[in-house]
2 protein chains.
Amino acid sequence: MAGVTLRIGELSRRTGASPRALRYYEEQGLLTPDRRPGGYREYTERDVVTVRHIRTLLAAGLGTVAIAEVLPCAITEEGELLPACPELVTGLTVERDRITGSIGELQQALGLLETIITRWSEQAPAKASL
Amino acid sequence: MAGVTLRIGELSRRTGASPRALRYYEEQGLLTPDRRPGGYREYTERDVVTVRHIRTLLAAGLGTVAIAEVLPCAITEEGELLPACPELVTGLTVERDRITGSIGELQQALGLLETIITRWSEQAPAKASL
DNA sequence: GTTGACTCTGACGTCAACGTGAGGCTTTAG
DNA sequence: CTAAAGCCTCACGTTGACGTCAGAGTCAAC
């Protein structure tokens, strides 16, 4: 297989994460790229996927510590690793429920905003254009 | 009409917001309670609803500044106030779309976690893929 | 071999929504 | 009246995920 490696800038472009963010993820143990002789980080295609997972979970309110525990179980392009996951499942269930709750809150907020928007759209001497 | 006023502690208990948070909301112009001669804040039943709206919108990722603009239009138990809302509607639309996007992200995260949870709960590390 | 884009390692700055005392009034119970 | 809650106003501390320099090394091209 081709060892097509990416440098940090390219990975950044392909994931939307800033170089600083990528270094931060590494600092938190979420990524462990190889290094070139000169010290440059070498990322793989796999890391592209991983970073997207990281961002998804961050957006869902998980902290880097929690993500660090989840990632080894999520990698599975070809399931292989079997970390300690009994305790993990309970933790994940908690997170899942929290996220479900968050979605509910967001939908409430949506309802609130929708109400306001439609009310004011309908009764304003509309100047409805951008 | 009953002038049933609440002090900060009571409002705190009824909304889940800490007293510090309630003072912060006031500082940000989201609440403007009257004061007793002694300086104590006097909240009304209306404020209970308002605080819940605030928390909902905060949970949805709106900042206090944005909320300050929305609240006057949201109070309406009996529609009365008419602030400057033409520009507001566009802003709200933006926020609404952002929230919709957030919900999508959360659902993605949910999918990820569900996958992991069910896979490990079934305890048969079968070969799954993403 | 030199430019210029890219990357490296620190290390301090940021921002929002509060937390957390410090020190001192106000109100309520008895 | 006194004591205990409860509340007041500063004002600095916290947390997480980065932003933003500074100073220096690396790499591909010309």
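Quick caveat, the model's predicted, so the values are computed rather than measured. Every chain is numbered from 1, with letters handed out A, B, ... down the list of sequences.
- In terms of the side-chain hydrogen bond (donor to acceptor under 3.5 Å, both in side chains) criterion, residue partners of B/Y25 (sequence neighbours excluded) are, by chain and number, B/R55.
- Taking A/R20 as the reference, nothing meets the side-chain hydrogen bond (donor to acceptor under 3.5 Å, both in side chains) condition, with sequence neighbours excluded.
- Under the rule for a side-chain contact (heavy atoms from CB on, under 4.5 Å), the partners of A/A60 that lie at least two apart in sequence or sit in another chain are A/I99, B/L106, B/A109.
- Within residues 58-67 of chain A, the residues that have a heavy atom under 4.0 Å from DNA chain D are, in order of number, A/L58, A/L62, A/G63, A/T64.
- With sequence neighbours excluded, the residues forming a salt bridge (charged side-chain N to carboxylate O under 4.0 Å, His left out) with B/R98 are B/E95, listed by chain and number.
- Residues satisfying the salt bridge (charged side-chain N to carboxylate O under 4.0 Å, His left out) test with A/R14, not counting sequence neighbours, are A/E45.
- Checked against salt bridge (charged side-chain N to carboxylate O under 4.0 Å, His left out), B/R96 has the following partners two or more places apart in sequence or in another chain: A/E114.
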The contact string for nucleotides 19-30 of chain D, one letter per nucleotide 5' to 3', using protein heavy atoms under 4.0 Å with B, S and - for base, sugar-phosphate only and none, comes out as BB----BBS---
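- With sequence neighbours left out, B/E10 forms a side-chain hydrogen bond (donor to acceptor under 3.5 Å, both in side chains) with B/R13.
- Here A/R36 pairs with A/E42 under the salt bridge (charged side-chain N to carboxylate O under 4.0 Å, His left out) rule; sequence neighbours left out.
- Judged as a side-chain hydrogen bond (donor to acceptor under 3.5 Å, both in side chains), and not counting sequence neighbours, the contacts of A/R41 are A/E26.
- Contact check of residues 23-33 of chain A against DNA chain C (heavy atom, cut-off under 4.0 Å) returns A/R23.
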